[in-house]
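Given the structure is predicted, the values throughout are model-derived calculations rather than measurements. Just so it is clear, the values below take in all heavy atoms, side chains as well, and ignore hydrogens, waters and symmetry mates. Position 1 is the first residue of the sequence, and the numbers go up from there.
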Amino acid sequence: QVQLVESGGGLVQPGGSLRLSCAASGNIFSIGNMGWYRQVPGKQRELVATINRFGSTNYADSVKGRFTISRDYTKNTLYLQMNSLKPDDTAVYYCNGAGESRRLNWGQGTQVTVSS
């Protein structure tokens with residue numbers, strides 16, 4: 001029944017920025033570790049960034065220094081601020097539990113396209 005809803009994607013030029021949001025009707029932060037994933041058609045889904053209940057974050061090397069994962073408990077929303085976007089960042093982005101935390105049903109994702 002529970003579905004994650006990602007939003008905020010779109011078309012952006014290289015070097016641009018986007019802020020993705022992940023929302024759910026339930027308390028998504030009941031999950032200890034939340035993460036952002038991305039997937040390109042025909043390729044394996046990649047874990048991009050994670051954040052735990054203490055605010056500790058981890059990032060894939062490919063996005064370090066450019067992406068920031070954050071949370072807002074009041075709004076029950078997970079965010080991914082993406083700066084200095086590159087064409088290689090083009091993918092469908094998803095949120096879900098990460099690491100040893102449970103996974104919910106995958107949402108539709110939000111398309112991010114970085115192109116001139």
Tyr94 side chain reached by Leu4 side chain, heavy atoms, under 4.5 Å: no
Checking the side chain of Arg71 only, and the main-chain atoms of Asn52 only, is there a donor and an acceptor separated by less than 3.5 Å? yes
Tyr59 and Thr68, any side-chain heavy atoms less than 4.5 Å apart: yes
Which residue pairs satisfy the salt bridge (charged side-chain N to carboxylate O under 4.0 Å, His left out) criterion with at least one member in residues 40-51, sequence neighbours excluded? Arg38-Glu46
Contacts table for residues 6-23: side-chain donor-acceptor under 3.5 angstrom, sequence neighbours left out:
unit_1 : atom_1 : unit_2 : atom_2 : d
Glu6   : OE1    : Gly109 : N      : 2.9
Glu6   : OE2    : Cys95  : N      : 3.0
Ser17  : OG     : Asn83  : OD1    : 2.9

Counting only N and O atoms by type, is there a donor-acceptor contact under 3.5 Å from the side chain of Trp36 to the main-chain atoms of Tyr79? yes
Minimum side-chain heavy-atom gap Leu78-Ile69 below 4.5 Å: yes
Taking all heavy atoms of Thr90 and all of Gln111, pick out the closest pair and write down the distance. CG2-NE2, 4.0 Å
In terms of heavy-atom contacts, does OH of Tyr73 have more than 12 from other residues, nucleotides or ligands at under 6.0 Å? yes
Under the salt bridge (Lys or Arg N to Asp or Glu O under 4.0 Å) rule, collect the residues that match up with Arg103, sequence neighbours excluded. none
Tell me the salt bridge (charged side-chain N to carboxylate O under 4.0 Å, His left out) pairs involving residues 50-67, sequence neighbours left out? Asp61-Lys64, Arg66-Asp89
For Val5, the side chain to side chain contact (heavy atoms under 4.5 Å, CB included) test, sequence neighbours excluded, returns none
If I compare all heavy atoms of Ser101 with all of Asn33, which pair ends up nearest, and what's the gap? OG-N, 2.9 Å
According to the disulfide bond (SG atoms under 2.5 Å apart) rule, which pairs have a member within residues 27-79, sequence neighbours left out? none
